[in-house]
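Both backbone and side-chain heavy atoms feed into the values below; hydrogens, waters and symmetry mates do not.
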Amino acid sequence: MEALGGDLVTTQRILDLAAVRARVALQNLANQNTEGFKAYKFDFEQALREAVETNGGAEEAPSVAVERDTSGAPGVNNVDSFEELNALTKVRLLQDLFTRRAAGTFDQLRLAIRGGR
């Protein structure tokens with residue numbers, strides 16, 4: 001049963017990280033036409049790797065670092081809308097996968113509670 005708890009914690013962390021990445025992408029897209037705006041960046045893959053490696057064992061979720069991408073000429077917007085839309089697509093796929101995974105875990109728990117009926 002402990003594995004189920006760790007699996008749910010990992011799933012929750014992954015969904016939380018996906019939500020952060022979606023917010024960053026949406027913030028950047030909302031400002032894609034703002035002169036001089038510098039995009040926010042979030043190393044989603046690194047944060048995801050850390051969340052999976054802890055496998056629910058850590059007491060606290062890995063820290064989330066959202067930073068400004070100061071690349072490009074000063075005063076020039078550096079938002080790449082294709083990159084942000086791609087990130088949103090990845091987030092949607094991950095959210096679908098992991099919400100289904102969590103639903104499967106809850107289905108197993110429900111079956112166990114009912115005594116396998």
Sidechain-backbone polar pair: N77 side chain, N31 backbone, donor-acceptor under 3.5 Å: yes
Salt bridge D16-R13, side-chain N to carboxylate O under 4.0 Å: no
Shortest non-hydrogen separation from E84 to A25 and the atoms involved: OE1-CA, 3.2 Å
Separation of R21 CZ from L88 CG (nearest 0.5 Å): 7.5 Å
Minimum heavy-atom distance between A65 and F42, given as atom pair plus value: O-CD1, 3.5 Å
Test log, rule side-chain hydrogen bond (donor to acceptor under 3.5 Å, both in side chains), inputs R92 and Q95: CA-CA 5 Å; R92 185 174 148 246; Q95 287 174 328; over 6 Å; no
Closest non-hydrogen atom pair between A22 and V91, with its separation: CB-CG1, 4.0 Å
Non-hydrogen atoms of V79 and A39 that approach each other most closely: CG2-CB, 3.9 Å
Within-4.5 Å side-chain heavy-atom neighbours: L8 and F106: yes
Heavy-atom check, side chain of K41 versus side chain of E83, under 4.5 Å: no
Heavy-atom side-chain proximity of T10 to I14 below 4.5 angstrom: yes
Minimum side-chain heavy-atom gap R68-Y40 below 4.5 Å: yes
Chi angles and distances behind the side-chain contact (heavy atoms from CB on, under 4.5 Å) call for T11, L15: CA-CA 6 Å; T11 297; L15 290 170; 4.1 Å; yes
Residue pair V9 / Q12, side-chain heavy-atom distance below 4.5 Å: no
Donor-acceptor contact present, side-chain N78 to main-chain D69, <3.5 Å: yes
Within-4.5 Å side-chain heavy-atom neighbours: L97 and L93: no
K38 side chain vs S71 backbone, donor-acceptor pair below 3.5 Å: yes
Heavy-atom side-chain contact between L94 and L17 under 4.5 Å: no
Within-4.5 Å side-chain heavy-atom neighbours: N28 and F37: yes
Distance, nearest 0.5 Å, that separates CD of E50 from CG of D43: 8.5 Å
